[in-house]
Amino acid sequence: MTQASPAKNTDDTPTVDMKDIVALCKRRGFIFQASEIYGGLNGFWDYGPLGVELKNNIRDLWWKAMVTTPPIGPDGEPLQIVGLDSSIIQNPKTWVASGHVGGFSDPMVDCRQTKRRYRADHINILQPKDGEGHWLAVPQDDDEGISEKRLKKFGKGKSIGAFEATPLPEVNTSDYDKIIGPDASEPGTLTEPKEFNLMFETYVGATQSEDSKAYLRPETAQGIFLNYKNVLDSSRVRIPFGIAQIGKAYRNEVNPRNFVFRSREFEQMEMEWFCHPDDAKQWREFWIAERKRWWESIGIKSESMILREHDRDELSHYAKEGEGTLDIEYQFPFTYPGFGELEGIAHRCDYDLTQHQEHSGTKMQYIDPDDNQNRYIPHVIEPASGLTRAVLTVLCEAYTVDPDRPSGMYLNFKPSVAPKKAAILPLVAKDGMPELATKLYMDLREDMAVDLDIKQNIGKRYARQDEIGTPFCITIDSDTLQDQTVTIRHRNTMEQERISIDKVKEYLTEQLGQMA
RNA sequence: GCGGGUGUAGCUUAGUGGUAAAGCCCUAGCCUUCCAAGCUAGUUAUGUGGGUUCGAUUCCCAUCACCCGCUCCA
């Protein structure tokens, strides 16, 4: 069967409009706005009957590719990867050690005049020692001599020696009206520092106090690092090995945007690959190739993705010393003609294990079973992607406009991710056709997710199945009553073929296997 | 977080300072022999909260949500 693929435009208009995808998701029960009847909640989404099937299918394929049947390694042996399901809430010290508590609460100030935003702890305030004149906000890290230029303009002839420098966070907010912002031309334009704590806070126990404060995990990775020793001591794995986890994570995003692409509650699929520091570079390359292949296996076309190395200055705190981070990016309709992040493959070095060793006092070093003098803290290669982001990607990729069919479009899902593999449709609801269809349905449903639909005319039912991306429709008609044959309709081509009713299961199993 | 835009049924659109209209969809029944046909009946809406007014979906204010741009994205 030929795969219809939408031709990518060469101009800057994507072939699919996000509005249509969002509307389809709501109409057919893939994704709803969370708490919609109360007006919704910015950054939260619910997965409907078909959405949860799609999400579970993608989740299961990831788990199978990582844990159940991990890839074959460079030495020809299967890799060792074990699963984990850690708690969303952990001891809050976890997030101090990981750097999230310190790094996620940078106070920011906005300038009302220039609309620019600054980190408060990166700004110094030059305060005239004689108390006369304006206070000047300048960058702390002032390589370009900005302070001098600002002084010349607003310092009323005073030299730098006539000022005292104070970090902005130490300045009383009641004095903000005297301050001229770093790029402003008049005083009093800076807002009070706002805390941008991107972790959701909660309280453990029935009484709320600072002592009982805890956090919803902003990444699943830390649960893996916390259990690194437990896994090592209980499951006979040896370096190199991986621990994989799928689960919810929470980030209080400043600005959720683009449907489920950036939401405040989302689901991650992360695997931490523990290896010898000398092998980290090689394993990073291995996982980049492996992960790209996986995305292709669930139906994402190679030409819709790019691999992008992070620039030095966008590297995370944990990746600074290593081989860096590479993103696999997808050409979403809302990033077109640009790309948006699908998965990051990061070299986290020994940052996390070292941090937890220091903060917890628990030794995290690995002792080579063949040479107990060879002790080291493993380096980590982390392929981390968003499951909910994967759902969006698969939807965007599958959405295919086709004006020549009643629905005007169809979802070109790979059968492995499709919520329904086949639909069984009696041509009309009489002459014993519904009974035959029900019998076939009862047989098939033991082996695959199938739909039985008897209502309305056949065209509407085909259209409905096209909209939810069902690869095959099996139709019972009057010939079936005579010769026990049914028609199989192929979603992408709308072509039909006739086969014996008792060959249907065999046929579908073979076809679905081939197309998976 | 800033600026701009939008908000009437699941969707697309009417309309009005005084009972909110239609088509499609959906549900039930009839009909229907291969791609959203037809008939009958039915469900469903002025995002939320204030204010002005005898009366607000309409005018005003606030708020929420969504979209676009900027910002942010550990």
Side-chain angles (χ1 to χ4, degrees), chain A residues 17-20 22-29 32-45 95 98-106 108-119 191-199 218-219 221-222 249 251-259 261-264 310 314-320 325 327 334 340-341 344 346 348 384 386 402 404-408 410 425-431 433 455-467 473-481 486-489 491 493-496 498:
Chain A
D17 194 330
M18 271 312 288
K19 271 198 304 219
D20 297 330
V22 174
L24 175 77
C25 283
K26 181 176 180 183
R27 186 155 43 91
R28 288 298 177 199
F32 306 119
Q33 194 179 11
S35 33
E36 189 187 22
I37 62 170
Y38 289 108
L41 189 61
N42 194 345
F44 295 89
W45 302 90
W95 308 109
S98 70
H100 290 80
V101 169
F104 282 3
S105 52
D106 306 323
M108 307 288 283
V109 294
D110 288 315
C111 177
R112 293 189 196 92
Q113 184 194 6
T114 61
K115 307 297 180 199
R116 298 181 80 138
R117 172 175 289 171
Y118 313 92
R119 271 181 66 164
T191 62
E192 288 185 15
K194 285 189 228 24
E195 288 280 331
F196 279 80
N197 189 344
L198 293 179
M199 278 198 295
E219 61 176 17
Q222 294 305 323
R251 296 179 190 179
N252 225 336
E253 295 288 352
V254 174
N255 193 357
R257 209 47 94 77
N258 294 323
F259 202 27
F261 181 77
R262 173 166 293 119
S263 50
R264 289 182 165 135
H310 278 206
E314 62 178 318
L315 284 179
S316 321
H317 54 279
Y318 51 71
K320 293 274 190 237
T325 298
D327 281 348
F334 50 81
E341 183 186 343
R348 294 183 79 127
D402 180 5
D404 294 333
R405 63 176 76 202
S407 52
Y410 61 101
L425 315 169
L427 188 59
V428 290
K430 64 179 187 186
D431 298 339
M433 292 181 205
K455 303 284 181 188
Q456 299 175 313
N457 70 53
I458 191 72
K460 288 188 182 184
R461 285 177 282 162
Y462 284 150
R464 194 152 50 217
Q465 296 300 333
D466 282 346
E467 281 196 332
C473 287
I474 301 152
T475 305
I476 314 286
D477 59 18
S478 54
D479 287 353
T480 313
L481 307 171
V486 296
T487 63
I488 308 263
R489 173 188 182 268
R491 175 194 63 205
T493 58
M494 296 192 285
E495 280 166 7
Q496 291 182 323
R498 216 164 174 100

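For the numbers below, each heavy atom of this structure counts, side chains included, while hydrogens, waters and symmetry mates do not. The sequence lines fix the lettering, A, B, ..., with proteins before strands; numbering per chain opens at 1.
Contact annotation for Lys19(A): no contact, since no heavy-atom pair falls under 4.0 Å across all strands. When heavy atoms are screened at a 4.0 angstrom cut-off, Asp431(A) is found touching base atoms of the nucleic acid. Residue contacts shown for Glu341(A) are absent, as no nucleic acid heavy atom lies under 4.0 Å away.
Of the candidates A65(B), C35(B), U32(B), U32(B) carries the atom nearest the Ala429(A) side chain, counting heavy atoms from C-beta on. Distances were taken from every side-chain heavy atom of Tyr462(A) (C-beta onward) to each of C66(B), C35(B), U33(B); the shortest belongs to C35(B). Comparing atom distances between the Ser407(A) side chain and each of A36(B), U32(B), C66(B) picks out A36(B) as nearest. Distance from the side chain of Gln456(A) is smallest for C26(B) among the nucleotides C26(B), C34(B), G1(B). Ranking A36(B), C66(B), C26(B) by closeness to the Trp45(A) side chain, first place goes to C66(B). Comparing A36(B), C70(B), C72(B) against the side chain of Arg257(A) picks out C70(B) as the nearest. With distances taken from any side-chain atom of Glu467(A) to the nucleotides U33(B), G10(B), A36(B), the minimum falls on A36(B). Relative to the side chain of Arg464(A), the nucleotides C70(B), C26(B), U32(B) differ in distance, and C26(B) lies closest. Considering only the side chain of Lys460(A), C25(B) comes nearest among U32(B), C25(B), C34(B). For Met433(A), taking side-chain heavy atoms from C-beta onward, the closest of the listed nucleotides U33(B), C72(B), C35(B) is U33(B).
When rounded to the nearest whole Å, the span between CD1 of Ile37(A) and P of A45(B) equals 13 Å. In this structure, Leu425(A) atom CG and U32(B) atom C1' are separated by 15 Å, rounded to whole Å. Atom CZ of Phe259(A) is separated from atom P of C68(B) by 12 Å (rounded to the nearest Å). Rounded to whole Å, atom P of C35(B) lies 9 Å from atom CG of Leu427(A). Following rounding to the nearest Å, Arg27(A) (CZ) and A36(B) (C1') show an atom-to-atom distance of 11 Å. In this entry the distance linking CE of Met18(A) with P of C67(B) reads 8 Å, nearest Å. Rounded to an integer number of Å, the gap from CG of Asp477(A) to P of C34(B) is 9 Å. Rounded to whole Å, atom P of C34(B) lies 21 Å from atom NZ of Lys455(A).
A salt bridge does not link Asp402(A) with Arg491(A): every distance from a Lys NZ or Arg NE/NH1/NH2 to an Asp or Glu carboxylate oxygen is 4.0 Å or more. Under the 4.0 Å criterion applied to side-chain N and carboxylate O atoms, Asp20(A) and Arg27(A) are not assigned as salt-bridge partners. For Glu467(A) and Arg28(A), the salt-bridge test passes: some basic side-chain N is under 4.0 Å from an acidic carboxylate O.
OP1 or OP2 of C66(B) lies within a sub-4.0 Å distance of a side-chain N or O belonging to Asn42(A).
With P as the reference atom, C60(B) and G5(B) are 14 Å apart, rounded to whole Å. When the P atom is used for both U13(B) and A9(B), the distance is 11 Å, rounded to whole Å.
Of the two residues near RNA chain B, Tyr38(A) and Ile476(A), the one whose nearest nucleotide lies more 5' is Ile476(A). Each of Gly43(A) and Arg28(A) was assigned the nucleotide of RNA chain B with the nearest heavy atom; the assignment lying further toward the 5' end belongs to Arg28(A).
Each of Phe44(A), Phe32(A), Trp45(A) was scored for a ring-ring contact (aromatic ring centres under 6.0 Å, His included) with Phe259(A), with one residue passing: Trp45(A).
A donor-acceptor distance shorter than 3.5 angstrom exists from the side chain of Arg461(A) to the backbone of Lys455(A), with no hydrogens or angles considered. Between the side chain of Arg489(A) and the main chain of Cys473(A), no donor-acceptor pair closer than 3.5 Å is present. In this structure, Asp17(A) contributes its side chain and Lys19(A) its backbone to a donor-acceptor pair below 3.5 Å.
Base pairing annotation: G38(B) forms a Watson-Crick or G-U wobble pair with C30(B), both donor-acceptor distances under 3.5 Å. Across all strands shown, A56(B) remains unpaired; no Watson-Crick or G-U wobble contact has both distances below 3.5 Å.
A donor and an acceptor atom sit less than 3.5 Å apart, one in the side chain of Arg489(A) and one in the base of C35(B).
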